[in-house]
Every structure is written in C-alpha cells, then in structure tokens.
2 protein chains.
Amino acid sequence: MKEDAKNNAPAEPTRSELEILQILWQHGPSTVRFVNDHLNGEKRAVQYTSTLKIMQIMTDKGMLARDESSMKHVYRPVLEEKSTKGLLLDRFLETTFNGSATTLLLQLLGNKKTSKNELDEIKALLNKIDPDKL
Amino acid sequence: MKEDAKNNAPAEPTRSELEILQILWQHGPSTVRFVNDHLNGEKRAVQYTSTLKIMQIMTDKGMLARDESSMKHVYRPVLEEKSTKGLLLDRFLETTFNGSATTLLLQLLGNKKTSKNELDEIKALLNKIDPDKL
DNA sequence: TGTTTCGTACGAATTGATTCGTACCTTAGT
DNA sequence: ACTAAGGTACGAATCAATTCGTACGAAACA
C-alpha cells in the first residue's frame, strides 16, 4: 500500500530510527558503515545489515535521502533536527504529562538524575533569555 | 519464558498502557468497564475486550494488580505515578536530548505549542522553588 | 585473473503490541 | 427455570519494528 516517500504526515521516528538520525544530525551525511560503527561503539551491538535495513526503511519512509552516485551510498537526514525533536517533545508532553509543560518541569526538577549543575544552568538560561519577565 | 509478575526491571509502559495507567492514577482503582468507557469517551474507539486484554497483560507484567473477590475485577496501578513518569522522562531525555535537560528546556521554550502563560508559570515556579539561586 | 573484501538488495523469522472474535460463566429480572 | 446482560478467559490475526541470513555485484589486490 505504501507508495513513494513523500505522501506522509510528519513522521514519527522510532527509537532505533532516532538513534540513527542523531548520528546523522551530529556528523552530517554518512555511509551505513559509519553509522553502524558508531552505534556499535557508543550504544549496542548490532549487525551491519540490520543498520542497513533500518536506514533503507527510513529512506522509504522519507526520513532519509541518499546519494547513490558512488557505490557506498551516503545517507543524509531529511527530517530536520529541531522540528523533529519538537514534535517528539510535544507528543511526549501530551501522552505523559497531559500537555502540561509545568508538570514536566516539576518532574524534571524533582529528578535525581538531573544534576544540580544542570538545574543552575537552566535557571541561568531562563534569566538570560527573558530576564524582564521574572 | 515469562514467569510471574515480579521478576522484572522497572517496566516501561507502552503508549496504550500509559493511557490506562493515567486513568487509574486519576480515578483510583477501577473496573475494565470504567476504563474502557473513559478511553472511548476521551480518546478513541476501542473494543471492551481489547482494553480488557491490555489490562490483563499489564497485570501479568506486574504493572497492575486486581481484586478478584467480586466478579467485576477491580484493577489498581502498581506502578507509582511519579516514579513511572520520572523513568519515562529520563528515558526520553536520554534518547531524544542526549540527557541534557537544558536542551530539552530550550526546545520547550522555543515550542510554539507551549503557551505564553505556561512559560510565565514555569518561570514563576522556578523562582518560588529556589529564589536564592537565581 | 583469481580471490578476498566491502557494499547493496531482498526476504524470512522474530518479537511485541494491539485488536478482537468466540466461548463460557454469573447474576438479575421475569 | 429461562433469558438477557454483562463479565472474564483464551486464542488467533494483524501490524510494525527489528534482526539477520543469504545472494550477489563491484573493487581492491595479490
């Protein structure tokens, strides 16, 4: 039923897909080999063909595009980092915190995983961005 | 391979499971009927037996417990709201923002979906919680 | 020119979540 | 006692993501 790579809504990357996108966003257009090595180095053991398969599927979905001019295809992200993460954040906010950014932040602040430094950073950030509002 | 309901790590609710948990957290122990009606009213069309099935599975996973003394089983959440959401937030933060709460917040601030009121609320909140730090 | 290495394509198997039909039991009402 | 209504249990079907084996082509190199 799937046609081409361009008739879709915003597209929700899965966890695995997001892992791959992160690498591409960070390092720019890359080969499957590069992405796979990275995954294995930083994250978890995964077969080359598995990574390849996912990247091919992502291409089908229109999340990635590839340059096939060379034998080693070079993949680049089509989804833009900021908007994609924004979408993910929206959805997460909606499903988990009923859309309340305040509740999310409270949870964030109460989280032991969030370091004190990070909190200070956040506060400083808020002041810097919009000091008069406070 | 699955044994009982208690040999597991923290447990990651899926989207559907989270929907159900939210209802139970909000309204307290409930029957399948109640949960299903709520889902259909507030969210989406779903068959009674589908909801039942998921809640049974969640019980198997140890996410829910049920009182079977009456014919109408009453389910209650085993997963605690705060810690569960904390876990989900941690994971989301990790996979999407590479663990940086600051980056997440920046995205939140830049998000058009986040209302101005909400932002003001957030700022006020930060001040209230830890005014001296700012 | 073999032959090894590295790449892509393709398809099957697995896994997990989800959905829902069907069977059957219990209770209330007539 | 019979029937209707409303429960639960169970198993099959579906669907998507994921994983990976196998086949095969191109390039590097001995």
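Treat the numbers as computed from the prediction; the structure is a model and nothing was measured. Just so it is clear: chains get the letters A, B, ... in the order the sequence lines come, proteins before strands, and each one is counted from 1.
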Trainee: On the nucleotide dC20(C), are OP1 or OP2 found under 4.0 Å from the side-chain N or O atoms that S50(B) carries?
Mentor: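 S50(B) to dC20(C) OP1/OP2: side-chain N or O found under 4.0 Å.
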Trainee: Starting at atom CG of D37(A), determine the distance to atom C1' of dC6(C), rounded to an integer number of angstrom.
Mentor: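 Going from D37(A) (CG) to dC6(C) (C1'), I get 12 Å.
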Trainee: V32(A) pairs by side-chain contact (heavy atoms from CB on, under 4.5 Å) with which of D37(A), V74(A), I54(A), T51(A)?
Mentor: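 With V32(A) as partner, side-chain contact (heavy atoms from CB on, under 4.5 Å) holds for just one option, T51(A).
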Trainee: Would you tell me if any nitrogen or oxygen in the side chain of R44(A) comes within less than 4.0 Å of OP1 or OP2 on dT19(D)?
Mentor: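 For R44(A), the contact criterion (side-chain N or O under 4.0 Å from OP1 or OP2 of dT19(D)) is met.
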Trainee: Is there a side-chain polar atom (N or O) of R33(B) under 4.0 Å from OP1 or OP2 of dG7(D)?
Mentor: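 Indeed, a polar side-chain atom of R33(B) lies that close.
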Trainee: Pick base, sugar-phosphate or nothing for S16(A), based on heavy-atom distances below 4.0 Å to the nucleic acid.
Mentor: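 The residue S16(A) makes sugar-phosphate contact but no base contact.
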Trainee: From NZ of K43(B) over to P of dT18(C), roughly how many Å is that when rounded to an integer?
Mentor: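 K43(B) atom NZ is separated from dT18(C) atom P by 13 Å.
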Trainee: Among dT19(D), dT8(C), dG7(D), which is the nearest nucleotide to the side chain of K72(B)?
Mentor: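 Comparing dT19(D), dT8(C), dG7(D) against the side chain of K72(B), the answer is dG7(D).
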Trainee: What is the distance, rounded to the nearest whole Å, between atom NE2 of H73(A) and atom P of dG7(C)?
Mentor: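 Spelled out: NE2 on H73(A) to P on dG7(C) is 12 Å.
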Trainee: Less than 4.0 angstrom between a side-chain N/O of Q56(B) and OP1 or OP2 of dT8(D), yes or no?
Mentor: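 Indeed not, no polar side-chain atom of Q56(B) lies that close.
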Trainee: Taking for each residue the nucleotide of DNA chain D with the nearest heavy atom, is it I54(A) or M71(A) whose nucleotide lies nearer the 5' end?
Mentor: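 Closest to the 5' end, via its nearest nucleotide, is I54(A).
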Trainee: Does T14(B) place a side-chain N or O at less than 4.0 Å from the phosphate oxygens OP1/OP2 of dT18(C)?
Mentor: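 Looking at the OP1 and OP2 atoms of dT18(C), one of them is under 4.0 Å from a side-chain N or O of T14(B).
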Trainee: Can you tell me if D67(B) and S69(B) form a side-chain donor-acceptor pair at under 3.5 Å?
Mentor: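 Yes, side-chain donor-acceptor contact under 3.5 Å.
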Trainee: Counting only side-chain nitrogens and oxygens, does K61(A) get under 4.0 Å of the OP1 or OP2 atom of dA17(D)?
Mentor: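 So the side chain of K61(A) is within the cut-off, an N or O lying under 4.0 Å from OP1 or OP2 of dA17(D).
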Trainee: Same cluster for F34(A) and V46(A) if Ile/Leu/Val/Met/Phe/Trp/Tyr side chains link at under 4.5 Å?
Mentor: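 Yes, F34(A) and V46(A) fall within the same hydrophobic cluster.
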Trainee: Less than 4.0 angstrom between a side-chain N/O of R66(A) and OP1 or OP2 of dG7(C), yes or no?
Mentor: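 For dG7(C), OP1/OP2 do not have a side-chain N/O of R66(A) under 4.0 Å.
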Trainee: Mind calculating the distance between CD (E17(A)) and C1' (dT19(D)) to the nearest angstrom?
Mentor: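 Distance check: E17(A) CD to dT19(D) C1' gives 14 Å.
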Trainee: Rounding to an integer number of Å, can you tell me how far D60(B) CG sits from dA9(D) C1'?
Mentor: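 About 12 Å, once rounded to whole Å.
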Trainee: In whole angstrom, what separates Y48(B)'s OH from dA5(D)'s P?
Mentor: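 After rounding, the reported distance stands at 16 Å.
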Trainee: For M55(A) and dC20(D), give me the distance from atom CE to atom C1', rounded to whole Å.
Mentor: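 So the two atoms are 17 Å apart, to the nearest Å.
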Trainee: Under a 4.0 Å N-O cut-off, is there an ion pair linking R66(B) with E68(B)?
Mentor: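 Looking at R66(B) and E68(B), the cut-off is met.
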Trainee: Answer yes or no: side-chain N or O of K53(B) and base N or O of dG21(C) forming a donor-acceptor pair under 3.5 Å.
Mentor: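 Counting by modelled atom types and ignoring angles, no donor-acceptor contact under 3.5 Å is found here.
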Trainee: Are E81(A) and K85(A) close enough for a salt bridge, meaning some N to O gap below 4.0 Å?
Mentor: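 Yes.
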Trainee: Rounded to whole Å, please give me the gap between CG in L21(B) and P in dA17(C).
Mentor: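 Value for this atom pair: 14 Å.
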Trainee: For T51(A) and T31(B), take the nucleotide of DNA chain D holding the closest heavy atom to each; which residue's nucleotide lies nearer the 5' end?
Mentor: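 Nearest nucleotide further toward 5': that of T31(B).
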